[in-house]
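What follows is a single structure, written as structure tokens, with notes after it.
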Amino acid sequence: MITVTFPDGAKRSYEKGTTAAQVAASISKSLEKKAVAAVVDGTLSDLSDPLQSDAKLELVMRDDGRALELIRHDCAHVLAEAVQELFPGTQVTIGPVIENGFYYDFFRNEPFTPADFPVIEKKMREIIQRDKPFTKSLKSRDEAKDFFRAKGENFKVELVDAIPAGQDIKFYDQGGWIDLCRGPHMPSTGRVGSAFKLMKVAGAYWRGNSNNPMLTRIYGTAWANDKDMQSYLTALEEAEKRDHRKLGREMDLFHFQEEGPGVVFWHAKGWTMFQQLIQYMRRRLTKLDYDEVNAPQVLDKSLWETSGHWGWYKESMFAVTSAGDETEDEQVFALKPMNCPGHVQIFKHGLRSYRELPMRLAEFGTVHRYEASGALHGLMRVRGFTQDDAHIFCTEDQMADECLKINDLILSTYRDFGFTEFVVKLSTRPEKRVGSDAAWDRAEAIMSKVLEQIAIESDGKIKTAVNPGEGAFYGPKFEYVLRDAIGRDWQCGTTQVDFNLPERFGAFYIGEDGNKHVPVMIHRAICGSMERFLGILIENYAGHFPLWLAPLQIVVCTITSEADAYAVDVVRQLKDAGLRVEVDLRNEKINYKVREHSVTKVPVILVVGKRETEERAVNMRRLGSQDQKSMTLVDAIAALRAEATPPDLR
RNA sequence: GCUGCCGUAGCUCAGUGGUAGAGCACUCCCUUGGUAAGGGAGAGGUCGAGGGUCCGAUUCCCUCUGGCAGCACCA
């Protein structure tokens, strides 16, 4: 006999080999019906697994959050079966659960299209209706390979090969359709229910390697019930409404065009925001003893060879030559993809003393990278962008302190933009790297300690994590990830310590001892790419910017032409107060004007008519509200001016 | 870069093997209207580019280019 302990502490005895399903049945009929899996000693398992020893057992109902993974996983199996039933000859590969759903990768000469979805979904519903049990069996490696080889499932044969020797190879049979799977599954296909939907098709490389064949991936979403699925679909629509590419067009912020793939045409309104961002950053940097510099756009390729970028990233750099001169000895330049070599040149220009350290060189540096065409995505991934970059030259002793100062700067900046949830990740040495292991050891040791301190000083409010092998080729880095208003995570800031580049460039300072020393260099960015950061802000605020950031803060709208002169005067006074304002004197009804400026998300509409003209007043309407507030012009200016003050100046 | 889909007016989108249409925006006229679209008229397109098939291509085929969704990449 074995003893089973339930979550409430109750214990019951069963014969050894009793399954969780039988345990459920022994308690109640409804439990037997409702349970879809078991958690045995903390591990999610099949209900059909026999219990071999004393165990803690929890029965998982279908509406339990932990069952969602099973619903999605089972749904992926159902999808695969449906596809193979409908399209014989299609090979199956893998079909994991992902956030909000699942996917399944298929190999078929003719790829699937969304037009195939209705018939596949219909077949899936049919399979779910059949409600066949999932039954598990074990095969030896050879049996498994023979099984798949006989079916022509070459990808599955490879998967079997990849399973470590000695490990059980599990198969699940769902009414005759059998798949390799580590499980667990619910008792039968019927439990998948009806809240699922195929979402899109896409190509995906076999095993994620671009040298491998391309498979067709079908993405699906699945939920415990229709209500959950509906709210997910609604959330997707909401996210679409905030798409910065759409808002950028509607708010007249920027555009792209064919002649400049991946480079932004900033319109006046977008550029205003860009400048607000830069001015904010610049004020903060000045207070923190940074020196702003500007290094050339185009530099001889030898500099990039020295830095190592040419060797590592040549294929994604823009080379620049004279268009007219076709002689052979022409010098090859590169458009800068990074600011660091330029800053090292500035550091090197002149003999540096330890007294000058830490030397913090900042630049709003425009860089160009020839990103793969498929990687381009609005402002989020471009080929020409501006980094709020800085390089701090310091001693090894000063390093940890500088990292902490940067940490404060980054997090307080994010807070000023309304973000509250962050994760700091430490990325350690990658396989492709320069520098000695000893140097990496030292750098990583310091960084780990700093990371610990960040977590402690924030009382655990700042989450931390480690990304092994994700560091830059010249050093480990901290990555700052923020969470936006609709729960999406964005990696923006980064702090990278570098024991290599200064040495490669022969940078040194004279130490207290009168000898030459190589400084440590810290690369750091807060927004990262200003373009991308603005994209994130647009989506985070859904275009409803706080007043200090809004490209156009106020529109003064007249009701009748009798108010024109007064309206112009109001605009003058608002402009004199430093506010960004336009006047709308058009021969249109006030409804029309209010609608238009609301659609383009102007935060404040000041309406002036006959009354206001007589009283030297304005009628204020805020974006997102129908309320109207009448006040004197003097009061309105004072209030708006205060509100438009950037957070660092309050 | 890879796979799939797409490219028609400033925007959103119809449509056709016989050289194109709507709504909004734009211009003009009427209207001076109190908080999310007043009425009328007009102008606006080498149907992404090049090549091919055809009597004839915006439509069918090929190449290129750009975009979208994933994948891969992201110093």
Side-chain angles (χ1 to χ4, degrees), chain A residues 103 105 110-115 199-219 243 245-246 249-250 252 255-262 304 307-317 336-341 367 369-378 380-382 387 430 432-434 470-475 477 491 494 496 498 501 523 525 528-529 532 557-564 586-600 605-612 619-630:
Chain A
Y103 66 76
D105 285 348
E110 193 186 331
F112 298 102
T113 75
M199 302 296 283
K200 54 195 168 195
V201 286
Y205 298 109
W206 167 234
R207 305 190 135 187
N209 184 327
S210 53
N211 299 319
N212 286 343
M214 176 74 65
L215 309 169
T216 339
R217 175 171 298 178
I218 297 181
Y219 284 91
D243 191 314
R245 293 166 297 186
K246 181 169 171 282
R249 201 184 314 114
E250 289 169 1
D252 193 21
H255 86 267
F256 291 91
Q257 66 187 48
E258 219 172 304
E259 293 82 353
W304 306 106
S307 71
H309 291 101
W310 193 262
W312 260 278
Y313 294 103
K314 186 179 163 190
E315 66 293 337
S316 41
M317 285 172 67
K336 70 172 172 181
M338 289 238 74
N339 302 302
C340 28
V367 296
R369 299 177 181 180
Y370 194 86
E371 302 284 2
S373 56
L376 302 177
H377 182 90
M380 301 304 189
R381 192 78 179 272
V382 286
Q387 292 179 313
K432 265 171 56 171
R433 61 176 183 263
V434 295
E470 298 286 317
F473 71 81
Y474 46 71
K477 61 183 178 183
Q491 198 241 297
T494 162
Q496 312 177 357
D498 182 353
L501 277 191
H523 310 238
S529 150
R532 179 166 171 274
C557 297
T558 51
I559 290 174
T560 87
S561 52
E562 286 173 73
D564 284 3
R586 288 178 303 173
N587 177 12
E588 294 291 352
K589 295 212 161 118
I590 193 62
N591 285 300
Y592 183 91
K593 296 185 183 183
V594 165
R595 176 183 150 79
E596 183 167 299
H597 300 121
S598 300
V599 164
T600 54
I605 296 175
L606 295 181
V607 173
V608 296
K610 228 166 156 183
R611 275 205 303 273
E612 288 77 12
N619 194 283
M620 190 185 291
R621 179 187 168 121
R622 309 295 305 232
L623 180 60
S625 158
Q626 255 121 274
D627 296 346
Q628 303 162 33
K629 214 170 144 195
S630 201

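First the proteins, then the strands, lettered A, B, ... as listed; each starts at 1. For clarity, every value in this text was computed on a predicted model and none was experimentally measured.
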Please examine the side chains of [Y] and [X], heavy atoms only from C-beta on, and report whether any two atoms are closer than 4.5 Å.
X: A:Trp312; Y: A:Val434; result: yes
X: A:Thr216; Y: A:Glu110; result: no
X: A:Arg621; Y: A:Val594; result: yes
X: A:Val201; Y: A:Pro111; result: no
X: A:His523; Y: A:Asp498; result: yes
X: A:Glu470; Y: A:Lys477; result: no

Interatomic distance at [atom1], [N] relative to [M], whole Å:
N: B:rG45; M: B:rG17; atom1: P; value: 25 Å
N: B:rC6; M: B:rU19; atom1: P; value: 25 Å
N: B:rU16; M: B:rA57; atom1: C1'; value: 11 Å
N: B:rU59; M: B:rA49; atom1: P; value: 10 Å
N: B:rA41; M: B:rC60; atom1: C1'; value: 41 Å
N: B:rG18; M: B:rC61; atom1: P; value: 16 Å
N: B:rC62; M: B:rU3; atom1: P; value: 14 Å
N: B:rA36; M: B:rC24; atom1: C1'; value: 15 Å

Once you apply a heavy-atom cut-off of 4.0 Å, does [X] come out as touching a base, just sugar-phosphate, or nothing?
X: A:Gln387; answer: nothing
X: A:Arg622; answer: nothing
X: A:Ser561; answer: base
X: A:Lys610; answer: base

Distance check: side-chain N/O of [X] vs OP1/OP2 of [N], anything under 4.0 Å?
X: A:Arg586; N: B:rC26; result: yes
X: A:Asn591; N: B:rU35; result: no
X: A:Arg249; N: B:rU12; result: yes
X: A:Tyr592; N: B:rA25; result: yes

(request) Taking all non-hydrogen atoms of both residues into account, name the closest pair between A:Asn619 and A:Ser630 and its distance. (result)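 Minimum heavy-atom contact is ND2-CB, 3.9 Å.
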
(request) Return the minimal non-hydrogen interatomic distance between A:Met317 and A:Trp310, and the atom names on each side. (result) CE-CE3, 3.7 Å

(request) Could you check A:Leu215 against A:Glu612 and say which one's nearest nucleotide on RNA chain B is further toward the 5' end? (result) A:Leu215

(request) Using the closest heavy atom to pick a nucleotide of RNA chain B for each, name whichever of A:Glu596 or A:Lys593 lands nearer the 5' end. (result) A:Glu596

(message) Cation-pi check for A:Phe473 against A:Lys432: NZ or CZ below 6.0 Å from the six-membered ring centre and within 45 degrees of the axis, yes or no?
(response)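 No.
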
Between [atom2] on [N] and [atom1] on [X], what's the gap in Å once rounded to a whole number?
X: A:His597; N: B:rA25; atom1: NE2; atom2: P; answer: 13 Å
X: A:Trp206; N: B:rU3; atom1: CH2; atom2: P; answer: 19 Å
X: A:Arg595; N: B:rG34; atom1: CZ; atom2: C1'; answer: 18 Å
X: A:Lys629; N: B:rG34; atom1: NZ; atom2: C1'; answer: 19 Å

(message) Let's test your reading of the model: under 3.5 Å, does the base of B:rG33 pair with the side chain of A:Glu562 as donor and acceptor?
(response)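 Between B:rG33 and A:Glu562, which were checked side chain against base, a qualifying N/O pair under 3.5 Å is absent.
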
(message) Are there runs of at least three consecutive Watson-Crick or G-U pairs touching RNA chain B, with each pair's two distances under 3.5 angstrom? Give them by first number.
(response) B:1-7 with B:65-71, B:10-13 with B:21-24, B:26-30 with B:38-42, B:48-52 with B:60-64

(message) If you only use heavy atoms from C-beta on, which nucleotide in B:rU35, B:rG38, B:rC26 is closest to the side chain of A:Ile590?
(response)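 Nearest listed nucleotide: B:rU35.
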
(message) Just verifying a value: how many Å separate A:His309 NE2 and A:Ser316 OG, rounded to the nearest 0.5 Å?
(response) 10.0 Å

(message) What verdict does the side chain to side chain contact (heavy atoms under 4.5 Å, CB included) test give for A:Leu376 and A:Glu371, after you've listed the backbone C-alpha separation in whole Å, the side-chain angles of each residue and the deciding distance to 0.1 Å?
(response) CA-CA 7 Å; A:Leu376 302 177; A:Glu371 302 284 2; 4.0 Å; yes

(request) Encode nucleotides 65-75 of chain B as B, S and - characters from 5' to 3', where the letter depends on protein heavy atoms closer than 4.0 Å: B to the base, S only to sugar-phosphate, - to neither. (result) BSSSSBBBBBB

